[in-house]
Amino acid sequence: MSSNANLYAAYAENFPANLDAALLTTADGDTLTYGEADAESARIANCLTALGAAPGDRVTVQVDKSVRCLCLYLGCLRAGLVYHPLNTAYQAGELAYFLENAEPAIVICDSAGKATIEPLVPATTKALLTLNADGSGSLAEQSASSSPQHSIVERTEQDMAALLYSSGTTGRPKGIMLTHSNLASNNQTLVEAWGFSASDCLLHALPIFHVHGLFVGLGCVLMSGASMVWLDKFDAETVVKALPDCTVMMGVPTYYTRLLSHAGFGREHCASMRLFVSGSAPLLSETFEEFEQRTGQAILERYGMTETGMNTSNPLVGERRAGTVGFPLPDIEVRVVTESGEVLPIGETGDLQVRGPNVFPGYWRMPEKTAEDFTDDGFFNTGDMALIDQDGYVSIVGRAKDMIISGGLNIYPKEIELLLDDTPGVSESAVIGIPHPDFGEAVVAVLVAGSDSAPTAEAVISHCREKLANFKVPKQVHYVDELPRNAMGKVQKNVLRERYAAD
Ligand code: MLC
Ligand code: AMP
């Protein structure tokens with residue numbers, strides 16, 4: 001083991017002896033070998049360093065998934081730069097805060113997004129580069145002449161490797177600092193728990209601006225010298241065609257319901273598959289059962305979050321129990337507590353807390369928020385409600401935080417309510433999630449009209465589309481005379497959820 005805690009060093013130790021081995025193959029049949037990924041990430045590391053980025057500096061990236069983007073992530077790791085990815089759906093109003101708060105040394109966007117991002121880039125930023133889905137742009141031009149040799153920068157276990165933002169029920173989004181050792185320890189744990197080896201091939205269809213695709217998917221591959229079929233996005237037809245070349249797939253529940261809706265998908269597509277993993281949102285028991293009947297494969301459900309990486313998992317060997325997220329992973333402690341922090345007995349529902357080497361050290365430049373979310377004995381309060389049964393299986397049964405998960409993406413109603421409350425003709429609003437066959441949950445806005453003439457549902461939706469990332473835009477808008485409230489004056493969202501779930 002090297003003493004350098006840089007995550008890239010841990011990956012490099014696990015690269016195949018023959019660097020001509022494929023790291024990935026795209027849907028078009030192009031390949032990237034481990035050696036090519038190493039050389040290209042070295043060029044990018046050298047290029048960003050020459051532009052003035054120093055270890056610890058942030059690199060903010062809002063680009064489509066591409067092979068060069070993967071090399072950019074690896075280049076940042078090896079140069080000790082903090083990788084800060086952004087969902088490509090974010091609009092200008094959402095981006096402004098991230099750029100100002102992360103204070104990046106380098107910003108990378110695609111050519112089409114440059115005009116939007118340029119005015120938002122802080123004065124302290126040293127360079128704004130472009131990277132397009134086909135790999136072209138100024139990053140490629142500027143790094144082409146950089147050396148393919150690079151010594152991996154020394155990092156300690158506490159040094160930050162990545163910064164990912166999560167919104168919240170109150171206030172501005174919080175930057176989640178993830179260290180090299182948070183990511184390395186979780187990757188090592190998952191490689192063992194899920195039996196990854198160099199002979200595996202992962203079907204990688206997830207985006208790489210969130211934990212699931214970036215750290216869980218890529219991490220398991222790079223930490224075991226395995227390979228991937230690398231798809232730009234999830235498309236059921238393409239996935240069904242690619243599955244026979246793969247051994248493992250990871251996805252959000254929507255991927256599995258979409259596969260089940262795909263006519264003709266069945267056992268024959270899964271003959272080489274040894275493992276299907278689901279997470280980021282609850283997998284319905286019906287989906288688990290239908291998938292097993294159709295393919296003979298029991299989906300392995302696991303549970304995690306950006307702040308912690310993966311915490312629990314159903315077993316590789318043993319019963320994968322539908323409706324549960326399995327057992328705590330080795331080295332990770334979980335407990336279920338009351339609001340006042342007393343540990344609850346088996347079978348009782350309460351707040352889920354976790355502690356372990358996977359758990360982030362805190363929120364970026366927000367010590368008071370960090371203090372709020374950690375207990376005195378170092379457990380992190382996840383905001384999820386859970387119970388642990390007599391066999392040790394953990395079930396996520398609800399959320400203490402007001403959050404909607406749609407297609408595996410988190411949406412905080414507060415953010416949409418603030419926008420709606422500010423809309424002329426709207427007096428107040430409540431945003432809820434209702435069951436949706438494709439996305440798991442769908443965003444629904446319930447409005448009370450103001451004294452001015454109220455906007456139509458279509459006008460409300462198009463207003464949201466201008467201001468918010470598309471996945472946050474309400475799928476339905478309803479007007480009511482008044483919002484149901486409890487004796488304390490708090491909106492009873494459960495009443496609204498029941499009322500509109502039936503629609
Ligand atoms: C797209 N749309 C969505 C949506 N994604 N609506 C609600 N929820 C979503 N997630 C809408 C768009 O607004 C658009 O609407 C229409 O669908 C088509 O857009 P698209 O981009 O073509 O959609 P599609 O490619 O089908 O994408 C859907 C998806 C994608 C489910 C494949 O969202 C996805 O890959 N999700 C995975 C997200 C993920 O990686 N989560 C992990 C987070 S990490 P219109 O009206 O404009 O047509 C985490 C921690 C952990 O949670 O434990 O893993
Ligand atoms: P994120 O903030 O994007 O990292 O999302 C993390 C949240 O996703 C968790 O706090 C949970 O609420 C939810 N989540 C992740 N995996 C699961 C799962 N298997 N079942 C239920 N909820 C999940």
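In each ligand, atom 1 is the first atom listed, and ligand 1 is the first ligand listed.
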Checklist entry - Under 4.5 Å between any side-chain heavy atoms of Met385 and Arg399, yes or no? => result no

Next on the checklist: Counting C-beta onward and ignoring hydrogens, is there a side-chain heavy-atom pair between Leu206 and Val252 closer than 4.5 Å?
Outcome noted: yes

Checklist entry - Can Pro207 be said to touch ligand 1, with heavy atoms closer than 4.0 Å? => result yes

Next on the checklist: Looking only at the side chains, is there a donor atom on one of Asn311 and Thr308 sitting less than 3.5 Å from an acceptor on the other?
Outcome noted: yes

Next on the checklist: We want to know whether Glu368 and Tyr363 form a side-chain donor-acceptor pair, criterion being a heavy-atom distance below 3.5 angstrom.
Outcome noted: no

Checklist entry - Atoms of ligand 1 less than 4.0 Å from His210 heavy atoms? => result 43 (C), 44 (S)

Checklist entry - Where does the angle between the aromatic ring planes of Phe380 and Phe360 fall among parallel (under 30°), tilted (30 to 60°) and perpendicular (over 60°)? => result perpendicular

Next on the checklist: Given Thr324, which partner from the list Leu283, Ile388, Asn314, Ile396 fulfils the side-chain contact (heavy atoms from CB on, under 4.5 Å) test?
Outcome noted: Asn314

Checklist outcome for this item: min-distance protein heavy atom vs atom 2 (N) of ligand 1 -> Phe439 CZ, 3.7 Å

Checklist entry - Protein heavy atoms: any of them under 4.0 Å from atom 19 (O) of ligand 1? => result no

Next on the checklist: For atom 23 (O) of ligand 1, what's the nearest protein heavy-atom neighbour? Residue, atom name and distance, please.
Outcome noted: Lys233 NZ, 4.8 Å

Checklist entry - Nearest protein heavy-atom contact for atom 14 (C) of ligand 1: which residue, which atom, what distance? => result Asn470 ND2, 4.3 Å

Item to check | Main-chain N/O of His84 paired to Tyr165 side chain as donor or acceptor, under 3.5 Å | outcome: no

Next on the checklist: Among all the protein's heavy atoms, is there at least one whose distance to atom 49 (C) of ligand 1 comes out below 4.0 Å?
Outcome noted: yes

Item to check | From Ala442, Ser280, Gly217 - option closest to atom 51 (C) of ligand 1 by heavy atom | outcome: Ser280

Checklist entry - Without hydrogens or angle criteria, can the side chains of Asn132 and Ser111 be said to hold a donor-acceptor pair below 3.5 Å? => result yes

Next on the checklist: Checking a contact table here: which protein heavy atom is nearest atom 46 (O) of ligand 1, and how many Å away?
Outcome noted: Arg465 NH2, 3.3 Å

Checklist outcome for this item: A student comparing Arg302, Met305, Lys475, Arg258 should find that the heavy atom closest to atom 6 (N) of ligand 1 comes from Lys475

Item to check | Donor-acceptor side-chain pairing of Asp64 and Ser66 below 3.5 angstrom | outcome: no

Checklist outcome for this item: For Leu206, the ligand 1 atoms with a heavy-atom partner under 4.0 Å come out as 40 (O)

Item to check | Numbered atoms and elements of ligand 1 in range of Gly304, under 4.0 angstrom, heavy atoms | outcome: 53 (O)

Next on the checklist: Keeping Glu94 on the side-chain end and Gln91 on the backbone end, is there a donor-acceptor pair under 3.5 Å?
Outcome noted: yes

Item to check | Stacked cation flag Lys369 on Trp364, 6.0 angstrom / 45 deg | outcome: no

Next on the checklist: Strictly distance-based, threshold 3.5 Å: is any side-chain N or O of Gln62 a donor or acceptor partner for the main-chain N or O of Asn87?
Outcome noted: yes

Next on the checklist: Side chains of Thr375 and Asp377: any donor to acceptor distance under 3.5 Å?
Outcome noted: yes

Checklist entry - Does Arg294 count as lying over the ring of Phe265, i.e. NZ or CZ under 6.0 Å from the six-ring centre, within 45 degrees of the axis? => result no

Checklist entry - Out of Gly407, Ala469, Ala205, Gly408, whose heavy atom sits nearest atom 37 (C) of ligand 1? => result Gly407

Checklist entry - Of all the non-hydrogen atoms in the protein, which one sits nearest to atom 7 (C) of ligand 1, and at what distance? => result Ser406 OG, 3.0 Å

Checklist entry - When you look for protein heavy atoms under 4.0 Å from ligand 2, which residues do they belong to? => result Ser280, Ala281, Pro282, Glu301, Arg302, Tyr303, Gly304, Met305, Thr306, Val325, Asp384, Lys401, Met403, Ile405, Asn410

Checklist entry - Please state which protein non-hydrogen atom is closest to atom 35 (O) of ligand 1 and give its distance, to 0.1 Å? => result Tyr255 OH, 2.7 Å

Next on the checklist: Does the protein place a non-hydrogen atom closer than 4.0 angstrom to atom 41 (N) of ligand 1?
Outcome noted: yes

